[in-house]
Amino acid sequence: MSQPLDKGTIATHQPAIPEVDVLWITAGLSCDGDSISVTAATQPSLEDVVLGAVPWLPKVRLHNPVLAFEAGDAFLEPFHRATRGELGPYILVVEGSIPNERINREGFWAAMGTDSATGQPIKTCDWIDRLAPGAWAVLAIGTCATYGGVHAMEGNPTGAMGLPDYLGWQFRSAGGIPVVCVPGCPVQPDTFMETLLYLLQQAAGVAPMIPLDEALRPRWLFELTVHESCDRGGYYEQGDFAPAFGSKRCIVKLGCWGPVVNCNVAKRGWMNGIGGCPNVGGLCIGCTMPGFPDKFMPFMEEPPGAKMSTSAVLMYGRTVRALRAFTRASLHKEPPWRKPGDELKTGYKPPPDKGSP
């Protein structure tokens, strides 16, 4: 495990790993929405990391098919070099669900590039098999890659799964790191970039082992529920629920799962701190959770647990609202002595005259 450096050392610190390639596969079952989402990050931005604007990080070379200038064989060359052991260290980023190629009768579910020897497409699963064991770290970006997502819901024909399911939840990279999962549909831009930044700082030797929760998410980014940081949380406490969309009140009875979903979007927003599902009137449908989407369906219906919890809070909330309204009415009135008059009525008592006996 890397140890953080003291202030005296950090000023002249040279990264323990001076250069890192980021090999980014978008050839899982996905829409490339996570790659697009990350371009909106600002804390830090992708450009800041790649251009070396963040101090004490290794030099980063990014290979993402959505963002790359190169195409075809030129783009795939660093991936091939990595499989031959000629590139390293590198971080593998996987975007999209992993299909089960073992159940195919013919053909394939997902692939990237063509094998020059056979002329056949190189399946995404084969890329993962070849690249994951040698990667310094492995990241799953977005809910499809982390836990399977929409493609892995009941009744799907591909047998899709998340990267920890495919590699095994006990998998460790060449750097001794578990699969790092950053879920979201799509991923929150700054949440992913902060995770990548942490791993780069760990590679540089200025951060300890990344702390992950039981779902392999960065613990500090996913420890709170949506409800615990939601702008509408105060309305819930007062039992003040929106009867329809377009209201500023709590939307849990309309189908919001925020009280039980670990996600920071309500506090972090979407771009530059602005937006985020409940902040703009959107329901939380649980997209950062391993059980998504099956355990959150049907969408836009009151969650079963909310029926009991909202019923309990309604009586309490109405009482609290009445008491607060009474207090607020009192606080809206100025004290009675704030008016012109011939007498001082503030309760002030002048000190005794020093000449008095």
Side-chain angles (χ1 to χ4, degrees), residues 2 4-5 7 9-26 30 32-70 75 78-79 82 87-95 135-142 145-146 173 175 177 180-184 186-212 217-222 263-265 267-276 288:
S2 303
L5 304 179
K7 292 182 179 179
T9 305
I10 205 167
T12 58
H13 174 67
Q14 296 298 316
I17 297 177
E19 298 184 4
V20 173
D21 286 87
V22 176
L23 303 180
W24 193 315
I25 296 176
T26 64
S30 80
D32 290 349
D34 300 303
S35 289
I36 302 303
S37 177
V38 167
T39 63
T42 58
Q43 298 293 325
S45 70
L46 189 60
E47 295 88 341
D48 287 343
V49 171
V50 172
L51 295 176
V54 182
W56 310 315
L57 295 187
K59 179 180 179 180
V60 175
R61 290 183 290 266
L62 175 68
H63 310 278
N64 178 304
V66 178
L67 305 174
F69 175 80
E70 300 85 2
F75 171 76
F79 291 81
L87 182 77
Y90 60 88
I91 294 174
L92 175 64
V93 179
V94 177
E95 180 175 348
W136 181 82
V138 177
L139 279 88
I141 178 173
T146 53
S173 68
I177 306 169
V180 178
C181 292
V182 192
V187 73
Q188 202 282 343
D190 289 327
T191 294
F192 176 78
M193 286 306 301
E194 186 173 330
T195 304
L196 179 60
L197 176 66
Y198 190 104
L199 287 171
L200 291 171
Q201 290 173 328
Q202 183 178 331
V206 296
M209 177 65 73
I210 185 169
L212 304 176
R217 299 168 296 203
R219 186 178 300 279
W220 77 97
L221 294 172
F222 289 90
C263 181
N264 65 3
V265 73
K267 175 173 286 188
R268 191 155 208 170
W270 198 259
M271 295 175 63
N272 287 318
I274 305 300
T288 59

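A 4.5 Å side-chain heavy-atom check between Val60 and Leu196 finds every atom pair outside the cut-off. No side-chain heavy atom of Trp56 sits less than 4.5 Å from a side-chain heavy atom of Gln201.
The nearest pair of heavy atoms linking Gln202 to Ile210 is OE1-N, 3.0 Å. For Leu46 against Leu62, the heavy-atom pair with the smallest separation is CD2-CD2, 3.8 Å. Taking all atoms of both residues into account, the shortest heavy-atom contact from Ala16 to Ala203 is CB-O, 3.5 Å. Listed here is the closest heavy atom pair of Ala145 and Val94: CB-O, 3.2 Å. Looking at every heavy atom in both residues, Leu23 comes nearest to Pro78 through CD2-CB, 4.2 Å. When all heavy atoms are compared, the tightest approach of Pro89 to Trp136 is CB-CB, 4.1 Å.
Below 30°, between 30° and 60°, or above 60°: for Trp220 and Tyr198 the angle between ring planes is between 30° and 60°, a tilted geometry.
Applying the side-chain contact (heavy atoms from CB on, under 4.5 Å) criterion to Ala135, with sequence neighbours excluded, gives Tyr90, Leu92, Val138. When the salt bridge (charged side-chain N to carboxylate O under 4.0 Å, His left out) test is applied to Asp190, no partner is found at least two apart in sequence or on another chain. By the side-chain hydrogen bond (donor to acceptor under 3.5 Å, both in side chains) test, Thr39 pairs with no residue at all, sequence neighbours left out. Not counting sequence neighbours, Arg219 has no partner by the salt bridge (charged side-chain N to carboxylate O under 4.0 Å, His left out) test. Under the side-chain contact (heavy atoms from CB on, under 4.5 Å) criterion, Pro186 pairs with Asp34, Ser37, Trp270, not counting sequence neighbours. Take Phe222 and apply the ring pair (Phe, Tyr, Trp, His ring centres under 6.0 Å) test, not counting sequence neighbours, and it matches no residue. Evaluation of the side-chain contact (heavy atoms from CB on, under 4.5 Å) rule for Ser45 yields Glu47, Asp48 as partners, not counting sequence neighbours. For the side-chain contact (heavy atoms from CB on, under 4.5 Å) test, residues two or more places apart in sequence or in another chain that qualify with Asp32 are Thr26, Ser30, Val66, Glu95. Residues passing the side-chain hydrogen bond (donor to acceptor under 3.5 Å, both in side chains) test with Gln43, sequence neighbours excluded: none.
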Practice task
Determine, step by step, whether Thr42 and Met271 satisfy the side-chain contact (heavy atoms from CB on, under 4.5 Å) criterion, reporting the C-alpha distance in whole Å, the side-chain angles of both residues, the deciding distance to 0.1 Å, and the verdict.
Solution key: CA-CA 8 Å; Thr42 58; Met271 295 175 63; over 6 Å; no

Please evaluate residues Leu57 and Leu197 with respect to the criterion side-chain contact (heavy atoms from CB on, under 4.5 Å), reporting the C-alpha separation (whole Å), side-chain torsions for both, the decisive distance (0.1 Å), and the verdict. CA-CA 8 Å; Leu57 295 187; Leu197 176 66; 3.6 Å; yes

Could you walk me through whether Val265 and Thr288 satisfy the side-chain contact (heavy atoms from CB on, under 4.5 Å) test, starting with their C-alpha distance in whole Å, then the side-chain angles of each, then the deciding distance to 0.1 Å, before giving a yes or no? CA-CA 10 Å; Val265 73; Thr288 59; over 6 Å; no

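Enclosure of atom CG in Leu51 by more than 12 non-hydrogen atoms of other residues, nucleotides or ligands within 6.0 angstrom is indicated.
Pairs passing the salt bridge (Lys or Arg N to Asp or Glu O under 4.0 Å) check and including a residue from residues 16-25, sequence neighbours excluded, read Glu19-Arg61, Asp21-Arg61. Legend: salt bridge (Lys or Arg N to Asp or Glu O under 4.0 Å) pairs involving residues 192-205, not counting sequence neighbours, sorted by first then second residue: Glu194-Arg268.
Between the OG1 atom in Thr195 and the CG atom in Leu139 there is a gap of 7.0 Å [rounded to 0.5 Å]. Expressed to the nearest 0.5 Å, how far CD1 of Ile141 lies from OG1 of Thr191 amounts to 10.5 Å.
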